[in-house]
Each structure stands twice: as C-alpha cells, then as structure tokens.
K.L.:
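Please see the structure below; I have some questions.
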Amino acid sequence: MKTIGNIIWVLFGGFMLALEYFIAGFLMMITIIGIPFGIQSFKLGILALWPFGSKVVDDKSSVGCLSLVMNIIWIIIGGFWIALTHLFWGIIFCITIIGIPFGKQHFKLIHLALFPFGKKIE
C-alpha cells in the first residue's frame, strides 16, 4: 500500500514539491555558509518525493547548541513559510476522505520543515 500511495503522491504534486526543494538546495549551496541549509533542503526533498513508509526521527549524533542555532536561523529564513505551506495543503487534502493520507504526509513534513537540523529520515 505504501508503494501505491507514493506513486499517487509523486504523480499528483510530490515530484514538483521535491523538485522545488532540490532546486532550493542547489541554490543554497552556492555559498559555503549555505551548504548546511542546502543539505537540509535535500533532506526535505527526499521526504517530499517518497513520504509513505518514511518517518522522521531524532538523530542522536547531532544534538547540541549548533543544531538549535541552525534551526532558529532556518525558521527565520524560510522554514516558517514552508511549514505554513504544508499546513495549508494538509488541511486542503483532509477535506475529503480520499485525501486524508496525503494530508497526513503534509502534516509529517511540517515538523521537518520547522526543525530539520538534528533529524534524520528512516
């Protein structure tokens, strides 16, 4: 069932969403300072491309002040707006019964869109 959900997701917007994250990641990697943010954008893109069956967990190897500071910078620069976009689409998808699984995937992406540093995708 995960595979069918992922195929439908990719066909109806997941590919475009992931493409936006990948383009943003490449643009962020133009500068040395933007490389960590580009990597997090790629992480969001991978999850946006194939969300069913994936889960976001805490990365025990990257805890500390640096992750906190980077998450705060991420939220200020654009993470808040990305999270609002996923919230909007999650609510829109949850209007219909058929769209609920897709809305739940957008709600899963909200947490990673707000706090990507210190998380990994399994």
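Numbering of residues begins at 1 and proceeds along the displayed sequence.
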K.L.:
Would a hydrophobic clustering, with Ile, Leu, Val, Met, Phe, Trp and Tyr connected at side-chain separations under 4.5 Å, put Ile92 with Leu87?
P.N.:
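Different clusters.
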K.L.:
For the CZ atom of Phe93 and the CD1 atom of Ile95, what is their distance to the nearest 0.5 Å?
P.N.:
10.5 Å
K.L.:
With rounding to the nearest 0.5 Å, note down the distance linking CZ in Phe102 to SG in Cys94.
P.N.:
11.0 Å
K.L.:
Less than 4.5 Å apart, any side-chain heavy atom of Ile82 and any of Ile110?
P.N.:
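Of all side-chain heavy-atom pairs linking Ile110 with Ile82, none is under 4.5 Å.
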K.L.:
Let me have the donor-acceptor pairs involving side chains of residues 33-51, under 3.5 Å, with sequence neighbours excluded, atom names and distances please.
P.N.:
from	atom 1	to	atom 2	distance (Å)
Gln40	OE1	Lys43	NZ	2.8
Ser41	OG	Tyr21	O	2.7
Ser41	OG	Gly25	N	3.4
Lys43	NZ	Pro116	O	2.9
Lys43	NZ	Lys119	O	2.4

K.L.:
If Ile, Leu, Val, Met, Phe, Trp and Tyr residues are connected whenever their side-chain heavy atoms lie under 4.5 Å apart, and connections chain through other members, are Val10 and Trp89 in the same group?
P.N.:
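Yes, same cluster.
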K.L.:
Same cluster for Ile7 and Leu109 if Ile/Leu/Val/Met/Phe/Trp/Tyr side chains link at under 4.5 Å?
P.N.:
yes
K.L.:
Provide the full list of side chain to side chain donor-acceptor pair (under 3.5 Å) pairs with a residue in residues 92-104, sequence neighbours left out, each pair given once.
P.N.:
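Not a single pair qualifies under side chain to side chain donor-acceptor pair (under 3.5 Å).
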K.L.:
With clusters built from Ile, Leu, Val, Met, Phe, Trp and Tyr whose side-chain heavy atoms come within less than 4.5 Å, directly or transitively, what are the remaining members of the cluster of Ile97, listed by chain and number?
P.N.:
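The other cluster members (ILVMFWY side chains, heavy atoms under 4.5 Å, direct or chained): none.
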K.L.:
Could you tell me how the ring of His86 sits relative to the ring of His106: parallel (under 30°), tilted (30 to 60°) or perpendicular (over 60°)?
P.N.:
tilted
K.L.:
Is there a path from Ile91 to Trp81 through hydrophobic residues (I, L, V, M, F, W, Y) whose side chains come within less than 4.5 Å of each other?
P.N.:
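Yes, same cluster.
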K.L.:
Show every donor-acceptor pair shorter than 3.5 Å between a side-chain atom in residues 71-79 and any protein atom, with sequence neighbours excluded, or say none if there are none.
P.N.:
from	atom 1	to	atom 2	distance (Å)
Asn71	OD1	Phe117	N	3.0
Asn71	ND2	Ser67	O	3.2
Asn71	ND2	Phe117	O	3.1
Trp74	NE1	Ala113	O	2.7

K.L.:
Report the distance from atom CD of Gln105 to atom OG of Ser54, rounding to the nearest 0.5 Å.
P.N.:
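Going from CD on Gln105 over to OG on Ser54, the span is 8.0 Å.
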K.L.:
In residues 12-19, what donor-acceptor pairs under 3.5 Å come from side-chain atoms, sequence neighbours left out?
P.N.:
none

K.L.:
Just verifying a value: how many Å separate Thr3 OG1 and Ile8 CD1, rounded to the nearest 0.5 Å?
P.N.:
11.0 Å
K.L.:
Can you pull out every side chain to side chain donor-acceptor pair (under 3.5 Å) where at least one residue sits in residues 22-38? Sequence neighbours excluded, please.
P.N.:
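Output for this query is empty, none listed.
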K.L.:
Rounded to the nearest 0.5 Å, what separates atom CG in Leu68 from atom CZ in Phe115?
P.N.:
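If I round to the nearest 0.5 Å, the distance is 9.5 Å.
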K.L.:
Does Phe88 have any ring pair (Phe, Tyr, Trp, His ring centres under 6.0 Å) partners at least two apart in sequence or in another chain, and if so, which?
P.N.:
none
K.L.:
Strictly by side chain to side chain donor-acceptor pair (under 3.5 Å), give each pair with a member in residues 4-19 just once, sequence neighbours left out.
P.N.:
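The answer is none; no pair qualifies.
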K.L.:
Would Ile121 and Leu112 count as a side-chain contact (heavy atoms from CB on, under 4.5 Å) if you check the C-alpha gap in whole Å, the side-chain angles of each, and the deciding distance to 0.1 Å?
P.N.:
CA-CA 9 Å; Ile121 300 169; Leu112 190 62; 4.2 Å; yes
